[in-house]
**Student:** 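Below you will find the structure I want to go over with you.
Just so you know, these numbers come straight off a predicted model, no measurement behind them.
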Amino acid sequence: KKFLKQYRKKCSKDKNTNLSFLSTNSVSLNTEIDGFLSQIKASLDTLATTLNPLLGFSLNGWHKIKNKSGVGVINNLEKNLSAELKKKAIALKETIENNINWITYIVNLRDQVHHHGGIKSIIDVAYEFKYKKVTPQYILHPNNSKEPIKDFILRTMNDISIFSNQILCL
């Protein structure tokens, strides 16, 4: 922590240095990610329940079935619509199906925080003595790739925005 504080102080003199990624408190990072993922899940729940008055469903959220998030909505689109409405709902169903894997991944990350004691795949700030550099926080994905937390959050915000807009435009 001492090194990070000294590094932050030194870099704060350079206006071109972005220090927003540098934290000495991984707990606050996990808290922010928890809030971020919870808001996405809440948005999906709201999206699902808005279909109730529009299509006559009785969904109470965006739930997983057989470990896939969104299958409950798809099942309702397939089983609880008239033939005429099913035709109109094809694009909605396809949009959910095309996004089901990454949505499931995001919901599973959120569930790790709420049901399994936190996200275990976050790497905290590290100082690499050999290279004399600071490595920011990363998230490890199931395919063994790693991504800076900042990039993960920005990409996820973009993805959920596009997905929500696609749903709303249908």
**Student:** Could you tell me how the ring of Phe152 sits relative to the ring of Phe36: parallel (under 30°), tilted (30 to 60°) or perpendicular (over 60°)?
**Tutor:**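 Because their plane-to-plane angle is over 60°, the rings of Phe152 and Phe36 count as perpendicular.
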**Student:** Looking at Asn67, I want to see if its CG is surrounded by more than 12 non-hydrogen atoms of other residues, nucleotides or ligands under 6.0 Å.
**Tutor:**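 Counting other residues, nucleotides and ligands, CG of Asn67 stays at 12 neighbours or fewer.
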**Student:** Check whether any side-chain N or O of Asn158 sits under 3.5 Å from a backbone N or O of Leu154 as a donor-acceptor pair, and report yes or no.
**Tutor:**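 Pair absent, no side-chain N/O of Asn158 close to backbone of Leu154.
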**Student:** For Ser38 and Asp34, which I'm curious about, is there any donor-acceptor pair between the side chains at under 3.5 Å?
**Tutor:**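 Note: Ser38 and Asp34 side chains meet the donor-acceptor criterion.
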**Student:** Does Thr46 reach the main-chain N or O of Ala42 with its side chain, forming a donor-acceptor pair under 3.5 Å?
**Tutor:**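 Yes, the answer is positive, given that a donor and an acceptor are paired below the 3.5 Å cut-off.
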**Student:** Determine the minimum heavy-atom distance between Thr49 and Gly61, stating which atoms define it.
**Tutor:**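 Minimum heavy-atom separation between Thr49 and Gly61: CG2-N, 3.8 Å.
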**Student:** Around atom CG of Asn143, are there more than 12 heavy atoms from other residues, nucleotides or ligands closer than 6.0 Å?
**Tutor:**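 Yes, enclosed.
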**Student:** Quick check against the 3.5 Å criterion: does Lys86 have a side-chain atom that pairs as donor or acceptor with the backbone of Glu78?
**Tutor:**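 Flag set: sc Lys86 to bb Glu78 pair under 3.5 Å.
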**Student:** Locate the shortest heavy-atom distance separating Leu51 from Phe57; write the atom from each residue and the value.
**Tutor:**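 Heavy atoms of Leu51 and Phe57 come nearest at CB-CD1, 4.0 Å.
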**Student:** List the atom of Leu140, the atom of Tyr105, and the distance in Å for their closest heavy-atom pair.
**Tutor:**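 Looking at all heavy atoms of both residues, the shortest contact is O-OH, 4.0 Å.
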**Student:** Would the distance check show the side chain of Thr156 and the main-chain N or O of Ile153 forming a donor-acceptor pair, the cut-off being under 3.5 Å?
**Tutor:**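 Flag not set: sc Thr156 to bb Ile153 has no pair under 3.5 Å.
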**Student:** Is there side-chain contact between Leu55 and Leu81, with at least one heavy-atom pair below 4.5 Å?
**Tutor:**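 Yes - at least one pair of side-chain heavy atoms lies under 4.5 Å apart.
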**Student:** Is the closest side-chain heavy-atom distance between Ile160 and Ile106 below 4.5 Å?
**Tutor:**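 With C-beta onward as the side chain, the pair stays apart.
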**Student:** Okay, side chain of Lys41, backbone of Trp62: is any donor-acceptor separation there less than 3.5 Å?
**Tutor:**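 Answer holds: yes.
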**Student:** Under the side chain to side chain contact (heavy atoms under 4.5 Å, CB included) test against Trp102, which residue among Ile100, Asn99, Thr104 passes?
**Tutor:**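 Output: one option passes, namely Asn99.
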**Student:** Please report the shortest heavy-atom distance between Gly72 and Leu59, naming the atom on each side.
**Tutor:**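 For Gly72 and Leu59, the tightest heavy-atom pair comes out as O-CD2, 4.1 Å.
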